[in-house]
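Everything on this sheet refers to the single structure shown next.
Just the heavy atoms: all of them, side chains too, but no hydrogens, waters or symmetry mates, feed the values below. A note on names: the letters A, B, ... follow the listed sequences, proteins ahead of strands, and every chain is numbered from 1. What you see is a predicted model, and the numbers here were worked out from it, not measured in a lab.
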Protein chains: 2
Amino acid sequence: MTPVNLKSLAEQLHLSIATVSRALRDSHEVSEATKVRVRALATALNYEPNAYASSLRRNVSKTIGVVIPKVANHFFALAINGIEEAARQSGYHVLIYLTHDDYAREVAIVQHLKGGRVDGLLMSVASGTEDFAHIKSLKDTNLPIVFFDRVCAEVATAKVTTNDYESGYQATEHLLQAGCRTIAHLLISNNLSIGQFRQQGYLDALTAHGLTPDPDLVLNGVMDNEQNVALIRELLQRRPDIDGIFASVERLAISAYHVCKELGRRIPEDIKIIGFSNLEAASLLDPPLSTITQPAYDIGREAAKILIRAVEKKKDILPSQSLVLNSELFQRRSTASN
Amino acid sequence: MTPVNLKSLAEQLHLSIATVSRALRDSHEVSEATKVRVRALATALNYEPNAYASSLRRNVSKTIGVVIPKVANHFFALAINGIEEAARQSGYHVLIYLTHDDYAREVAIVQHLKGGRVDGLLMSVASGTEDFAHIKSLKDTNLPIVFFDRVCAEVATAKVTTNDYESGYQATEHLLQAGCRTIAHLLISNNLSIGQFRQQGYLDALTAHGLTPDPDLVLNGVMDNEQNVALIRELLQRRPDIDGIFASVERLAISAYHVCKELGRRIPEDIKIIGFSNLEAASLLDPPLSTITQPAYDIGREAAKILIRAVEKKKDILPSQSLVLNSELFQRRSTASN
DNA sequence: AGGCCGACTGAAAACGTTTGCGTAAATAAA
DNA sequence: TTTATTTACGCAAACGTTTTCAGTCGGCCT
């Protein structure tokens, strides 16, 4: 089977490769008559231009990369959904890379992306990442980058986030208003900027209500879920006075539910729980979980839009293009007043 | 800033481009001494080969495509996770395309992939797809394809699925043994092969237990979630004798939960529910949901492995390489006997 | 008639890499 | 010594596309 490319099309049409190429790109330099002929044969033979030849020649790949910790997480899944939508609308392809929150993997992925495989990058940094040299060095190759959710403060570019500080504040205040006095904060890794913001919101809400924050009530979760369950169990047993839990990430809220059931603590009578979560089934949990829900789809879509716009205009992305979308507090039974 | 490519490396090293290229690919045709020199400069300058030039020349992109209906679904998210893992291990990149169960989108995506952008394709067909000409035509370009979960029976290639018939049978039998006598089956679209298998398992289990299947109890869900809720509500009101629900897809199980709560039907006392689901929080629902859980991660990983093996060996993929992984039934309170 | 312009097309270079082939020197075999 | 063989490297073509440049042809203006 002869390959169907510009050359073969040109031969069959008794035209030059150049003319065929121009005809297909609808150039004004080619007569309408030949355009029609060319298009007819192209569709008849199911011609599709070779993406790599085109990318090589034009130095543009029409592809964006997405580097995220994981995909089996409703937040990131929704974000990808938004990203793919924005990309598709502009004719971009989406390459996915998972770091599994592992620093070494993130570095390897970023290094690989220097090969020019992508025109731009969307990134949510791994929680294990403390050194950002790899990202800076990628940025130095002039690759446009937009961070979303888990941003890297040290790199000057646009970031799409939620109002993490306010959300942490609101969640804590919500627990306080529901009558909690000893509120634990479960977060995942305090070197992540979002963790810090939420933590600060938590602290400020406590002091604003006349309470003194107790460092013993702040639990740093780890990667492994079972370990988290153990840590939470230990915390709840050591501090039976805890009457409220604010979980900065979905997984920890779920783990807290499991521990409470195991220890026989009733939700919300003994302990009230609120957590960041994009879980669709939150309202079906036992009891329905109060959540701070981030507009994950919009975050992904807006981040992709900013990136693609910059790629198309070949302009640098400025930190001033950053976007902060508001998350929403859904009050459900897990934080009902007694 | 001068570009760092083979040419610039060669100039600085006073070598030819060919030698530099061979040195980096560790060819035996180049002396160890020069290899060392070349590698040193390459790493010093952070050289990364241009992926598109390489792909064009070698006619290999080290990229696989993944075409799925959606990503905001725990099954597909886990599958992607497995796919990415297998791909990463073999140095492959993963392009993601979402069809949103829309036939037209699927066709457009498949057409686009003819441009040679990917070396192989993993696919779970859209539920709206009834004509498979686009897939066949893609297969005719010799692009290796492996289907997973939602397979296309008409295309001769490997398929990675779960034991859908047996699962449907088991789920139904499980409800029967829990005392149900009027069991509804909620499925998504009966033109999908998996729906048919599960439906057949459902039917056979009923007849095997001496019951006559009632077509009125089989509900075909649609895309829109709200419509599904309305349909289920209508069904439960029209047939108050229904005492068991088998949901072929997670979304329908969730919708059924909502409807039951709304109508005041107690689970499991009035109605028992079991559903296909990869929801992590299934055990935390109210009541905990009995599920048939597919090994989504493994499905993705195995499908990717089969695909990549075929790509590397440049051998056709045979239907005989198909794999059937077993799903697992988790019995929880939603199907507890009264 | 000469010059000019616009419409259309083709030749060829370029993108960065890989690779078949050639070749020179060095080594081994005869 | 001559003749193979090996080693190490360079030349140049090729992958399929895009784009610059040059060219042809007819028509229009002065």
Side-chain angles (χ1 to χ4, degrees), chain A residues 1-39 41-42 45-63 91 112 114-119 141-142, chain B residues 1-39 41-42 45-63 91 112-119 141:
Chain A
M1 189 176 59
T2 59
V4 40
N5 49 27
L6 287 184
K7 194 173 166 191
S8 69
L9 288 182
E11 281 168 5
Q12 294 181 60
L13 292 162
H14 301 292
L15 286 173
S16 75
I17 294 177
T19 304
V20 177
S21 172
R22 278 190 274 250
L24 291 173
R25 316 198 107 250
D26 203 23
S27 159
H28 63 278
E29 295 190 86
V30 96
S31 74
E32 201 54 42
T34 39
K35 273 187 195 172
V36 171
R37 281 210 307 144
V38 171
R39 280 196 285 251
L41 187 65
L45 296 188
N46 237 314
Y47 168 75
E48 191 73 21
N50 182 295
Y52 294 110
S54 176
S55 296
L56 176 60
R57 175 58 223 250
R58 309 208 303 166
N59 200 26
V60 156
S61 64
K62 279 276 180 182
T63 303
H112 228 90
K114 285 183 188 152
R117 196 177 277 270
V118 297
D119 294 341
T141 67
N142 280 324
Chain B
M1 190 177 54
T2 59
V4 41
N5 50 26
L6 287 184
K7 192 171 165 192
S8 70
L9 288 181
E11 280 168 5
Q12 294 181 59
L13 291 162
H14 301 291
L15 286 173
S16 75
I17 294 178
T19 304
V20 177
S21 173
R22 278 191 270 253
L24 291 173
R25 317 197 106 248
D26 204 24
S27 158
H28 63 278
E29 294 191 85
V30 74
S31 74
E32 200 54 43
T34 42
K35 274 187 196 171
V36 172
R37 280 209 308 144
V38 172
R39 278 197 285 252
L41 187 65
L45 296 188
N46 238 313
Y47 168 75
E48 191 74 21
N50 182 295
Y52 294 110
S54 176
S55 296
L56 176 61
R57 176 58 225 249
R58 307 208 304 165
N59 202 26
V60 155
S61 64
K62 279 276 180 184
T63 304
H112 229 90
L113 290 175
K114 284 184 187 150
R117 197 177 277 269
V118 297
D119 294 341
T141 67

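- Between the CG atom of B:Leu6 and the P atom of D:dC11 there is a distance of 15 Å, given to the nearest Å.
- Taking atom CG of residue B:Leu56 and atom P of nucleotide D:dT17, one finds them 9 Å apart after rounding to whole Å.
- If you measure from atom CG of B:Leu24 to atom P of C:dT17, you get 9 Å, rounded to the nearest angstrom.
- Within the 4.5 Å cutoff, side-chain heavy atoms of A:Arg39 are placed close to those of A:Asp26.
- Nucleic acid contact class of B:Asn5 (heavy atoms, under 4.0 Å, all strands): sugar-phosphate only.
- Note on B:Asn59: nothing from the nucleic acid sits closer than 4.0 angstrom, heavy atoms only.
- Atom CZ of A:Arg58 and atom C1' of D:dT20 are 16 Å apart (whole Å).
- In this structure a side-chain-to-backbone donor-acceptor pair under 3.5 Å is missing from B:Asp119 to B:Val60.
- Taken to the nearest 0.5 Å, the CG atom of B:Asn50 stands 8.5 Å off from the CG atom of B:Asn5.
- Formation of a donor-acceptor pair under 3.5 Å by the A:Lys35 side chain with backbone atoms of A:Ser27 is found in this model.
- Shown here for A:Ser61 and A:Ser55, the closest heavy-atom pair between the two residues is CA-OG, 3.5 Å.
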Item checked: Bracket notation of DNA chain D in which parentheses pair within the strand, [ ] cross earlier pairs, and | pairs with another strand (Watson-Crick or G-U, under 3.5 Å) -> ||||||||||||||||||||||||||||||
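- Using a 4.0 Å heavy-atom criterion, one finds that B:Ser54 contacts the sugar-phosphate atoms exclusively.
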Notebook entry, point to check: Going 5' to 3' along nucleotides 4-9 of chain D, which nucleotides have protein heavy atoms under 4.0 Å from the base (write B), which only from the sugar-phosphate (write S), and which from neither (write -)?
Noted result: ----BB
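- Distance A:Arg25 CZ to C:dC8 P: 19 Å, rounded to the nearest Å.
- C:dG16 atom C1' lies 6 Å from atom CG of B:Asn50, rounded to whole Å.
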Between the protein and nucleotides 12-14 of chain C, which nitrogen or oxygen pairs come in under 3.5 angstrom?
unit_1, atom_1, unit_2, atom_2, d
C:dA14, N3, A:Arg57, NH1, 3.2

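- Comparing B:Lys7 and A:Val20 along DNA chain C, the residue whose closest nucleotide (by nearest heavy atom) sits nearer the 5' end is A:Val20.
- Atom CD of B:Glu29 sits about 5.0 Å away from atom CZ of B:Arg22, to the nearest 0.5 Å.
- Of the side-chain N and O atoms in A:Tyr47, one or more sit less than 4.0 angstrom from OP1 or OP2 of D:dT17.
- Counting heavy atoms from C-beta on, the side chains of A:Leu45 and A:Gln12 come closer than 4.5 Å.
- From A:Leu41, atom CG reaches atom OH of A:Tyr47 across 11.5 Å, with rounding to the nearest 0.5 Å.
- For A:Asn46, the CG atom is densely surrounded, since the number of other residues' heavy atoms within 6.0 Å is greater than 12.
- With B:Tyr52 contributing its side chain and A:Ala53 its backbone, the two residues share no donor-acceptor pair below 3.5 Å.
- Atom CG of B:Leu13 sits about 10.5 Å away from atom CG of B:Leu6, to the nearest 0.5 Å.
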